[in-house]
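The next block holds one structure in the form of structure tokens; read it before the comments.
Values below: every heavy atom of this structure, side chains too, minus hydrogens, waters and symmetry copies.
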Amino acid sequence: MNTVMLLIALVLLLVNSYFFFGKHLSNPVMLFILPLIIALLDGFIYYNQWRYNFNTNTVLLVLGGTVSFAAGCYIAYVYGERNMKSKNVKVVRLLLPNYIYAICIIVILTMSVFVLASLRSLVASHGYSVATLTDIIGNYNELSKFGNEDVSLRGIGAYCYEALFGIGLVLAYLAARDLAVGRKNCSKMCLLAFFTAALSVVIVGSRSVSIALIVSFLVIYIMYTRRIGRVRKLSDIKVGYVIFLPLILLVAASVFLGSVSFLGREGGSDNSTKLYDISIYLGAPLKNLDLTMSQGIMQSEYFGRWTFRQIYATLNNLGITSVPYSTDFGFQDINGWFLGNVYTIFYYLTVDFGVLGCLVALFLIGLLVQFVYQLAYRKLDAPYVSFPVILYGYFAYNILFAFFADNITSLLFSTGLYKKLIIVALVELLLNRILRKRVNTYETSDIVDYTRL
């Protein structure tokens, strides 16, 4: 009954947020709550096996944390609502020449080679097999995610990876904008460059980096379809999209699970099913949270050990601190059913700062990402590459997966974020210089303030 009440409360909060935020489907609150509801519904499939009736403390933490995040977004939205109104400016395509996208593809593939070479050297130095591509990727994943040592790329390999991902973020923006505005006339080379980047980043052994670029693309696309007036509310979505959405999700889930062997990972247990393997990523994190809440969450002995783990790792490498590094959060099971080792964003914040600290942190995060969203939405019609839109696209993935882990908090306090954003800023500057020279290629009927280029 507790879990059912939590589900009802979240649905009501989602519906209220949909109307309160002007029916913006890409708003942070929508991205935060909707996946949480889907994860809850998925858990009901194994209601008896997982004992999915959450204890009261779990319900209060999840609901309280969600309300805190929404409250932060509400305050930011009310404060900046007057700036969300559309201007009398037509959104235009950014007409970059095809050779720019061709250069991007060449750069992406070249950097991928450098990253792979660095990975091979790193994995071999730890005594692991590097005989095949699968060995390299899988063993690096094992070293970087399930150990007590900060094993990550260094030197040229690290810089190439950050540049590769940063270019991917810019291409996600360009492809989403061009597809939304140009539709059938969109640049095929732009789409090809984007998908090349989305596939290439998988070489670091994680599907999440590829998913991050795809989510960024989709969220920015949704933002533009609203901005140009094609989809302003749910009823504007064409029936065809609704019909094919389950098929698209089924294909995506099959590809996601099918990539396990390529990435050198072990699949599910012998008696598991494809549906159960998906549920480990959806409903299981909430159950893991519930199990730890039932047992009593132990406070971290170091301030913000998990939230600031990337910062502590950097300081450790510099010899400044000695906070133990670990990415192994412990695997859980119940009644012989494997549940994985992720616990939702609520767990990590509670371990680091207590329940009250968790609520405050989620409020502040909501405040921040809503401000970024509003700034990004105001910049959608800019006739140049817009940094705020790209930034929100990157945040979107990490907000979306709050039901899974502490992606957004670990991102905000990681040096990797700022390295990627430096790359994004440099690429943005270069592309805008090119666009400035090609300003006369825009449609003369477009109402555009070219002095801003």
Side-chain angles (χ1 to χ4, degrees), residues 21-22 24-32 69 72-73 75-87 89-94 96 162 165-181 190 194 212-228 364-400 407-408 411-412 414 416-436 448-453:
F21 287 102
H24 281 240
L25 299 176
S26 52
N27 184 273
V29 177
M30 301 296 290
L31 297 182
F32 189 95
F69 180 85
C73 292
I75 291 176
Y77 177 75
V78 171
Y79 178 79
E81 184 179 11
R82 62 183 179 275
N83 296 318
M84 291 288 287
K85 298 179 181 179
S86 300
K87 302 175 184 177
V89 178
K90 182 177 180 181
V91 180
V92 298
R93 296 175 60 199
L94 302 183
L96 289 165
E162 303 294 357
F165 193 92
I167 293 171
L169 288 173
V170 177
L171 288 172
Y173 161 80
L174 292 172
R177 175 171 181 157
D178 207 47
L179 183 62
V181 180
C190 180
F194 164 65
L213 292 182
I214 294 172
V215 169
S216 175
F217 166 82
L218 292 175
V219 169
I220 294 173
Y221 176 80
I222 292 171
M223 292 172 68
Y224 271 106
T225 55
R226 177 183 172 83
R227 174 61 185 84
I228 63 182
L364 294 176
I365 292 170
L367 199 68
L368 171 65
V369 295
Q370 181 65 34
F371 272 126
V372 173
Y373 176 72
Q374 292 179 183
L375 177 60
Y377 194 81
R378 293 200 300 270
K379 295 294 184 179
L380 288 175
D381 52 22
Y384 49 80
V385 179
S386 176
F387 183 89
V389 182
I390 299 172
L391 177 61
Y392 182 72
Y394 189 21
F395 280 174
Y397 160 78
N398 297 281
I399 299 168
L400 197 72
N407 296 42
I408 186 66
L411 174 72
L412 290 173
S414 69
L417 168 65
Y418 305 102
K419 292 176 184 177
K420 294 179 180 68
L421 294 185
I422 290 173
I423 297 298
V424 169
L426 292 175
V427 175
E428 174 200 23
L429 179 64
L430 176 61
L431 293 181
N432 285 339
R433 287 179 64 88
I434 296 173
L435 286 170
R436 189 181 296 115
V448 179
D449 180 9
Y450 292 117
T451 61
R452 297 173 64 189
L453 279 175

Exercise. Might you work through the side chain to side chain contact (heavy atoms under 4.5 Å, CB included) test for Gln370 and Asn27, ending with a clear yes or no?
Key: CA-CA 8 Å; Gln370 181 65 34; Asn27 184 273; 3.1 Å; yes
For [X] against [Y], the heavy-atom pair lying closest together:
{"X": "Val181", "Y": "Val92", "result": "CG1-C, 4.2 Å"}
{"X": "Ala175", "Y": "Phe194", "result": "CB-CB, 4.0 Å"}
{"X": "Pro28", "Y": "Ile399", "result": "O-CG2, 3.7 Å"}
{"X": "Ile222", "Y": "Thr225", "result": "O-OG1, 2.8 Å"}
{"X": "Ala176", "Y": "Ile220", "result": "CB-CG2, 3.7 Å"}
{"X": "Leu380", "Y": "Met223", "result": "CD1-O, 3.7 Å"}

Practice problem: Could you tell me whether a side-chain N or O of Tyr418 sits under 3.5 Å from a main-chain N or O of Leu412, the two making a donor and an acceptor? | Solution: yes
Exercise. Tell me, please, which residues at least two apart from Ile75 pass side chain to side chain contact (heavy atoms under 4.5 Å, CB included).
Key: Phe363, Leu367
Using 0.5 Å steps for rounding, measure from the [atom1] atom of [X] to the [atom2] atom of [Y].
{"X": "Ile423", "Y": "Leu426", "atom1": "CD1", "atom2": "CG", "answer": "6.0 Å"}
{"X": "Tyr397", "Y": "Ile408", "atom1": "OH", "atom2": "CD1", "answer": "11.0 Å"}
{"X": "Ile422", "Y": "Leu417", "atom1": "CD1", "atom2": "CG", "answer": "10.0 Å"}
{"X": "Ser216", "Y": "Leu213", "atom1": "OG", "atom2": "CG", "answer": "7.0 Å"}
{"X": "Leu94", "Y": "Asp178", "atom1": "CG", "atom2": "CG", "answer": "7.5 Å"}
{"X": "Leu400", "Y": "Asn407", "atom1": "CG", "atom2": "CG", "answer": "9.5 Å"}

Distance-only criterion, 3.5 Å: show the donor-acceptor pairs between side-chain atoms of residues 385-396 and protein atoms not counting sequence neighbours.
residue	atom	partner	partner atom	Å
Tyr392	OH	Ser26	O	2.6

Quiz item: Does a donor on one side chain and an acceptor on the other come within less than 3.5 Å for His24 and Tyr377?
Solution: no
Practice problem: Walk me through it: do Leu435 and Asn432 pass the test side chain to side chain contact (heavy atoms under 4.5 Å, CB included)? | Solution: CA-CA 5 Å; Leu435 286 170; Asn432 285 339; 3.8 Å; yes
Self-check item: Steps toward side chain to side chain contact (heavy atoms under 4.5 Å, CB included) verdict (Leu171, Phe217)
Solution: CA-CA 8 Å; Leu171 288 172; Phe217 166 82; over 6 Å; no
Do [X] and [Y] touch side chain to side chain, with heavy atoms closer than 4.5 Å?
{"X": "Phe21", "Y": "Cys73", "value": "yes"}
{"X": "Phe371", "Y": "Tyr79", "value": "yes"}
{"X": "Asp381", "Y": "Arg227", "value": "yes"}

Quiz item: Relative to each other, are the rings of Tyr173 and Tyr224 parallel, tilted or perpendicular (30° and 60° limits)?
Solution: tilted
Practice problem: From the options Leu431, Leu179, Leu169, select the one residue that forms a side-chain contact (heavy atoms from CB on, under 4.5 Å) with Leu174. | Solution: Leu431
